[in-house]
Amino acid sequence: MVKRQAYQPILITDASRSQDDQLTSRQKRYVLMMGIRVACVIAGAVLVGTKAPLLWLWLPLVALGMILIPWLAVLLANDRPPKEEHRLAARFQPRHRDETPPMSLTAEERPHRIIDAEP
């Protein structure tokens, strides 16, 4: 007697995140980076207003943050997550698949058709 295969559910753990989840995370990242930019603007105004020591050092650093952060924020907000970790390597390596679909019957378990010779 041949044992019947147990039903194996198809897992979707490799499925990508939904579009809404991706959009929400990109929006949060963008708002956080713009908040850092606002902090740089305020810090630059406070440094200039108080005539802080080493102003020649701090002001260019704050200005660099005010210029680079919006550029990075837009790039990261428009970026989507990577598709596959090893996309090119997977293309050249053959995948090992089980040829029998889940819940399939073996040849011995399939019902046999009996064909009558007489009409």
* Asked: For Thr50, which residues count as a side-chain hydrogen bond (donor to acceptor under 3.5 Å, both in side chains) partner, sequence neighbours excluded?
  -> none
* Asked: Any chain of hydrophobic side-chain contacts (each under 4.5 Å) joining Leu57 to Val48?
  -> yes
* Structure fact -> Across all chains, not counting sequence neighbours, the side-chain hydrogen bond (donor to acceptor under 3.5 Å, both in side chains) partners of Asn78 are none
* Asked: In terms of side-chain heavy atoms, does Asp21 have a donor or acceptor partner in Thr24 at a distance below 3.5 Å?
  -> no
Would you be so kind as to tabulate the donor-acceptor pairs closer than 3.5 Å made by side chains of residues 29-40, with sequence neighbours excluded?
residue	atom	partner	partner atom	Å
Arg29	NH1	Leu76	O	3.2
Arg37	NE	Met66	O	3.3

* Asked: Are Val74 and Ile69 connected, step by step, through hydrophobic side chains (Ile, Leu, Val, Met, Phe, Trp, Tyr) whose heavy atoms are closer than 4.5 Å?
  -> no
* **Val41-Leu59 co-clustered via ILVMFWY side chain contacts under 4.5 Å** => yes
* Asked: With Leu64, which residues qualify under side-chain contact (heavy atoms from CB on, under 4.5 Å), at least two apart?
  -> Leu68
* **With sequence neighbours excluded, residues passing side-chain hydrogen bond (donor to acceptor under 3.5 Å, both in side chains) with Ser25** => Arg17
* Asked: Residues two or more places apart in sequence or in another chain: which of them pass side-chain contact (heavy atoms from CB on, under 4.5 Å) with Leu75?
  -> Trp71
